[in-house]
Amino acid sequence: MINMIRAEKYRLTKTKGFYIFWGLILLIIGLDLATNSIGTIGLGIGIDEMVTYSKDIMFVMGNFNFYFLLLMPIFSIIIGEFTDRIVKNTISSATSKGRYFIYKYVICVGYGLLVFLVVNIGFYGLYIIIRPNNPRADFGLFLTRVMSQVPVILMLLSVFVMAAFLMRKGAAYNSVMILLPFLFEVILGICMNIPGLKNIDVLLKIVKYELSTVMYNLGGGIDPGAGYFRNVMIGCFAITVISFVIGYRSFKKREL
Amino acid sequence: MRDAVIQTHNLTKKYGSFTALENANMTVYQGDIYGLIGRNGAGKTTAMKILTGLTDQTSGDYEIFGKKSKEAAPIRNRVGCLIENPAFFENMTAYQNLRYYCYQKGIADIRKIDEVLSFVGLEEAKGKKFKTFSLGMKQRLGIAFAILDNPDLVVLDEPINGLDPIGIAELRDTFHMLSRERGMTLMISSHILSELYALANRFLIIDNGRVLKELSKEELDNECSRATVLHVSDVKGTAVLLEQNYGIRNFKVIDNTEIRVYDEHLERARINRSLVQNNIDVSAIYETGITLEEYFKKVIEEEGR
């Protein structure tokens, strides 16, 4: 495992993607801090409502950005090795298919979570330095809000790893995973505009448990009630386990 | 008796209704250079993929270093492979690619990289990106990767594809050296028969997923080399006469009526006369002998019937 992590670290730092990824993160943080306003991609969230929070908490509420940011490292770590079937080198002489999946899973999840925590805590630190007079949340509260989103990020990473092992092609992975939230939003938008559908229970639940809304609520500590946080945690846990099992089993059976 | 490094038992691989490999049995002994001969799509790569864990067999089993297929994962680090086209990270240099695999395999001594690169004649190109490599250079890097951690078994699928004649000759010497000096066992597939013949000491002929023949170089020589065929009434008497009168020991009794003499300078007229003088009837004397390609075709045709 240690050998695989060291190898992956070596390779990642040799790719342009690694620097583009961190450059993009710095750009987002830099723009947020420079303009003193938080930019985020939100499908079901009310940007107007966010302004009542301090900027550091707003940043956490807008953590749906990580859906798109974390697609990149998974691409580099997994899809990169499937391109031109480089993966054969490792499977034939270093490890088995099952172990390979687990190694990659652990590396992706570990790296993804590290990125998530470093960026959020990094933002908080830079926010204090650059905007010392702005109102901000206590670090304990800030960290609690960030940590409450970790199960969602874990679920996302698990789904990304599964998708990467299932699709194996960069074009398929990128187009499906990037377009998925937009497709979801378009369908949801259409449904919400159909008279009679707008108020049905299932649709309202989908909106409430839609990913950007979940991140927004968890980040802001907003509890819509009816065991919302519990349901989110159970859902995240279930999807994480299911995606791991599907990814593992499908790759074990895969012809290379 | 040498230890068997690979042993397969009725190894079969099916892709839907297509059988890529059917009840294949083979034994590779320690120190062998084992050549897999077959046309494109014969099942050579499938056999190698199963043995290297890239795909699972549909039925049958194999042992590698005495471990059955399901227990073979821990000994994979004793195997170096190059299956199908050599594939590496395009934007990394030859050195960086091998460094990555050094980390992955836990090879602490990074001097091994320079050693294997020089071994395959790529020391000058170690700083070049893989994407700029010619096919021959890619093959060489693939071989360097396969021998990076000094494995006990090296499995190479069509390693001489794309190499120029000098490159092929150099690699042949390299493979012989790996076998002789490092005691490596090599399994090499190719459809270039003459090259495989120059390399290997044991052969497996495979076609349409079926193993047609497993034979040593000596056996192959006997099957292919020019021989004088004698059809006689008394093979025992003929054998004694050949040995005692002419000092010929390089012959093989095929059956009750046929002897093959593997002596290029055999004086057929004199032998014929001697046999008749010794009351041995000679119904036919003729020369036989086929090239490696002809033998390969013959085996395929015979088994195909």
Side-chain angles (χ1 to χ4, degrees), chain A residues 1-21 72-73 75-104 106-108 111 165 168-170 248-256, chain B residues 13 15 20 45-46 48-56 69-93 95-108 110 129-131 138 141-142 145-149 151 153-155 157:
Chain A
M1 188 71 204
I2 299 293
N3 289 342
M4 292 291 280
I5 293 171
R6 289 177 70 197
E8 219 55 64
K9 184 178 144 262
Y10 176 79
R11 187 173 72 80
L12 272 180
T13 54
K14 301 282 175 231
T15 59
K16 283 185 198 134
F18 177 81
Y19 299 100
I20 292 171
F21 173 69
M72 288 174 73
F75 179 90
S76 300
I77 293 168
I78 298 172
I79 304 281
E81 277 203 60
F82 280 112
T83 309
D84 296 327
R85 305 167 82 190
I86 299 166
V87 62
K88 285 184 304 180
N89 296 345
T90 305
I91 305 287
S92 60
S93 58
T95 188
S96 65
K97 280 193 272 186
R99 283 184 185 192
Y100 178 82
F101 177 85
I102 293 168
Y103 291 152
K104 287 287 178 183
V106 171
I107 290 168
C108 287
Y111 182 51
F165 272 93
R168 298 188 296 164
K169 293 269 190 293
Y248 180 81
R249 289 178 67 92
S250 70
F251 187 63
K252 278 270 278 182
K253 287 180 188 164
R254 181 80 66 176
E255 302 288 343
L256 292 174
Chain B
K13 178 69 185 179
Y15 296 99
T45 303
T46 303
M48 287 179 154
K49 277 181 161 186
I50 295 171
L51 294 171
T52 52
L54 289 175
T55 189
D56 295 324
S69 56
K70 286 196 173 128
E71 304 153 4
I75 48 96
R76 292 263 174 248
N77 56 5
R78 292 178 66 187
V79 184
C81 303
L82 170 63
I83 305 288
E84 292 174 326
N85 302 323
F88 293 95
F89 298 104
E90 296 270 332
N91 284 315
M92 282 163 69
T93 64
Y95 183 89
Q96 287 170 341
N97 267 296
L98 294 183
R99 185 81 178 94
Y100 169 74
Y101 288 108
C102 276
Y103 276 124
Q104 201 178 71
K105 294 179 175 201
I107 302 167
I110 56 166
K129 288 190 174 176
F130 182 69
K131 66 181 174 189
K138 287 179 178 178
L141 186 62
F145 161 72
I147 60 171
L148 185 60
D149 54 348
L153 169 66
V154 180
V155 179
D157 186 17

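Order of the sequence lines sets the chain letters (A, B, ...), proteins ahead of strands, with each chain counted from 1.
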Between the OG1 atom in Thr55(B) and the CZ atom in Arg254(A), the distance rounded to the nearest 0.5 Å is 12.0 Å
Roughly how far, to the nearest 0.5 Å, is CZ of Arg11(A) from CE of Met92(B)?
-> 7.0 Å
For Phe88(B), is it the side chain, the backbone, both, or neither that has a heavy atom closer than 4.5 Å to a heavy atom of chain A?
-> both
Ala7(A) versus Gln104(B), closest heavy-atom pair with distance = CB-N, 3.7 Å
Do Tyr103(B) and Tyr10(A) make the cut of ring centroids closer than 6.0 angstrom?
-> yes
Considering only heavy atoms and a distance below 4.5 Å, find which of Met4(A), Arg6(A), Glu8(A) pairs most often with chain B.
-> Arg6(A)
Side chain, backbone, both or neither: which part of Tyr101(B) has an atom under 4.5 Å from a heavy atom of chain A?
-> side chain
Tell me, yes or no, whether the heavy-atom count around Asn3(A) atom CG, taken from other residues, nucleotides or ligands under 6.0 Å, exceeds 12.
-> yes
Per-residue tally against chain A (heavy atom, under 4.5 Å) across Asn91(B), Val79(B), Asn97(B) peaks at Val79(B)
Side chains of Glu81(A) and Phe89(B): does their closest heavy-atom pair fall under 4.5 Å?
-> yes
Proximity breakdown for Arg99(A) and chain B, heavy-atom pairs closer than 4.5 Å = neither
Please list, chain by chain and in numerical order, all residues satisfying salt bridge (charged side-chain N to carboxylate O under 4.0 Å, His left out) with Lys105(B), sequence neighbours excluded.
-> Asp149(B)
Any idea which heavy atoms bring Lys97(A) and Gly53(B) closest together, and the distance?
-> CE-O, 4.1 Å
Rounded distance (nearest 0.5 Å) linking atom NZ of Lys49(B) with atom CD1 of Ile91(A) | 12.5 Å
Side chain from CB out, backbone as N, CA, C, O: work out which of these in Lys88(A) comes under 4.5 Å of a heavy atom of chain B, or both, or neither.
-> both
Name the region of Thr15(A), side chain, backbone, both or neither, that has any atom closer than 4.5 Å to a heavy atom of chain B.
-> neither
Partners passing salt bridge (charged side-chain N to carboxylate O under 4.0 Å, His left out) against Glu90(B) (at least two apart in sequence or in another chain) = none
Answer with side chain, backbone, both or neither: which region of Lys9(A) has an atom nearer than 4.5 Å to a non-hydrogen atom of chain B?
-> neither
So CE of Met48(B) and OG of Ser92(A): to nearest 0.5 Å the spacing works out to 11.5 Å
